[in-house]
Amino acid sequence: MTNIPVGILGTGSYVPAKVVTNYELERRLDTNDQWIVERTGIRERHVICEQEATSDLAVQAARQALEQANLLAKELDLIIVATVTPDTPLPDTACWVQKKLEAVNATAFDVTAACAGFVYALAVGRSFVQTGLYKHVLVIGAEALSTITDWNDRNTAILFGDGAGAVVLGAVEAGYGILGLDLGADGSGADALKVPAGGSLLPASLATVIQRLHFIHMEGNEVFKFAVRIMGETANKALMQAGLDAQEVDWLVPHQANIRIIQAAAKRIGIPTDKVIINADKYGNTSAASIPLALDEAVRDRRIKRDDTVVLVGFGGGLAWGAVVIKWLY
Ligand code: UT7
């Protein structure tokens, strides 16, 4: 089997202009800034406006990633969008992105693995380049979680935000790019984090809307415990596959669900907090978008640079999780 080394050639990110601060949430919910900051680390989040959709965020992030990779949209062979908030149930958001980018030579599809979605999509995209089937794959994590957040529920309304991050994958010199990868899922935990209605089990109806079943329902404590445990396990498996240990990691880029989860997980893996990229304070939990958003920020401000060992770790609804170890190319 062909085994071409695959790496990231460019990154990009985008958040919508509208900001909702904790103080604004204080006015409509029984909560306060101090509680939210102490329990989550989140201070504000960006949300889309009317007429904006997930693909609009994805396209902006994609354009930046293409520019950094020095590629034109027509040079893309494949577009994968990781999202749980598609523009439309049918077709895939990746098809809307393909149209808007005019990426006329690319095939396109979505991957749905909730907050682990970007890592899953990266794994799928990698295999197409690794086997020589495609040369350039655009992988995007994009979400408009504000559209499935119950703004009357203080347990969840404080957590989520909208945004997008993108990377372009391609062949790289040997020794660089993706060196280790781990993915996993445990459907027995599916009830812990879900949107109950809107699928084939409970199609949309007046009753499902009245019962607020189209919003995210989460058992926060359960997810918290799972997250801390699984982040360590999956990161260590990916590192082992890469033949590296935690001391050799330059940057951990975790899913930005909650700063307390991130800190506890980093401690378990054995990575000091000053090597962890955190931006949940500005964007909240943007599900599949959070890892590429944080990654792009750290690449653009030059914290992440050539020869750095970078570990991406995602976890969330499914339950699903995954980690990727990358030797950074540029
Ligand atoms: O993307 C992946 C999926 N999501 C996650 O990873 C989220 C994982 N979970 C979490 O981040 C945390 O569990 C939360 C931030 C959601 C909650 O924090 P917690 O420390 O687990 O709080 P708790 O649920 O144990 O609640 C403690 C108290 C409760 O009051 P009582 O029962 O002790 O009187 C809650 O009712 O805090 C109350 N509470 C709030 N108070 C003020 C819950 N939400 C709020 C709020 N403001 N927004």
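Both counts, for ligands and for their atoms, begin at 1 and track the order of listing. For reference, positions follow the sequence shown, starting with 1. Computed from a predicted structure; not experimentally measured.
Ligand 1 places these atoms under 4.0 Å from at least one heavy atom of Asn155: 43 (C), 44 (N). Of all atoms in ligand 1, numbered sequentially from 1 with element shown, those under 4.0 Å from a heavy atom of Ile261 are 6 (O), 8 (C). Shown in contact with Cys115 at under 4.0 Å from a heavy atom are these atoms of ligand 1, numbered in order with element: 1 (O), 2 (C). Residue Phe315 has at least one heavy-atom neighbour below 4.0 Å for each of these atoms of ligand 1: 2 (C), 6 (O). Near Arg260, with a cut-off below 4.0 Å to any heavy atom, the atoms of ligand 1 are 20 (O). Applying the 4.0 Å criterion to heavy atoms of Thr40 picks out, from ligand 1, the atoms 15 (C). Against a heavy-atom cut-off of under 4.0 Å, Leu193 is close to the following atoms of ligand 1: 3 (C). Listed by number with element, the atoms of ligand 1 under 4.0 Å from a non-hydrogen atom of Ile158 are 48 (N).
Protein heavy atom nearest atom 5 (C) of ligand 1, with residue, atom name and distance: Val223 CG1, 3.6 Å. From the protein, the heavy atom lying nearest to atom 14 (C) of ligand 1 is Asn258 ND2, 4.6 Å. Scanning all protein heavy atoms for the shortest distance to atom 8 (C) of ligand 1 gives Gly220 O, 3.6 Å. Scanning all protein heavy atoms for the shortest distance to atom 19 (P) of ligand 1 gives Arg39 NH1, 3.7 Å.
Other members of the hydrophobic cluster containing Leu57, listed by chain and number, are Tyr14, Ile48; membership follows side-chain contacts under 4.5 Å among ILVMFWY residues, whether direct or relayed. Through direct or indirect side-chain contacts shorter than 4.5 Å among Ile, Leu, Val, Met, Phe, Trp and Tyr, Leu202 is connected to Leu213.
Looking at heavy atoms from C-beta onward, Thr107 lies in side-chain contact with Tyr134 at the 4.5 angstrom threshold.
Taking distance alone, with nitrogen or oxygen atoms compared against 3.5 Å, Ala257 stays at or beyond that limit from ligand 1. Between Asn32 and ligand 1, not a single N/O pair is under 3.5 Å apart. The distance criterion of under 3.5 Å between nitrogen or oxygen atoms is met by Arg154 with respect to ligand 1.
Within 4.0 Å of atom 48 (N) of ligand 1, at least one protein heavy atom is present. For atom 32 (O) of ligand 1, the nearest protein heavy atom lies 4.0 Å away or farther.
The ring-ring contact (aromatic ring centres under 6.0 Å, His included) with His255 is formed by just one residue from the set Phe315, Trp321, Tyr120; it is Phe315.
Atom 16 (C) of ligand 1 has its nearest heavy-atom neighbour, among Glu38, Met218, Gln256, in Met218. Ranked by closest heavy atom to atom 42 (C) of ligand 1, the top entry among Phe224, Trp35, Phe160 is Trp35. When the options Thr31, Asn221, Asp153 are ranked by their closest heavy atom to atom 24 (O) of ligand 1, first place goes to Asn221.
In terms of modelled atom types and a separation under 3.5 Å, the side chain of Asn22 and the main chain of Ile42 share a donor-acceptor contact. Panel note: side chain Glu24, backbone Thr21; a donor-acceptor pair is recorded below 3.5 Å. Judged by distance alone, the side chain of Asn285 and the main-chain N or O of Asn258 form no donor-acceptor pair under 3.5 Å. Within the 3.5 Å criterion, the main-chain N or O of Ser13 finds a donor-acceptor partner in the side chain of Asp296. The backbone N or O of Tyr283 sits nowhere less than 3.5 Å from a side-chain atom of Arg45 that would complete a donor-acceptor pair.
Gln130 and Asn3 form a side-chain donor-acceptor contact under 3.5 Å, judged by distance and modelled atom types alone. Checking Thr286 against Glu143 by side-chain atom types alone, no donor-acceptor pair falls below 3.5 Å.
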Side chain to side chain contact (heavy atoms under 4.5 Å, CB included) for Asp162 and His46? Distances and angles first, verdict last. CA-CA 6 Å; Asp162 302 341; His46 291 243; 5.5 Å; no
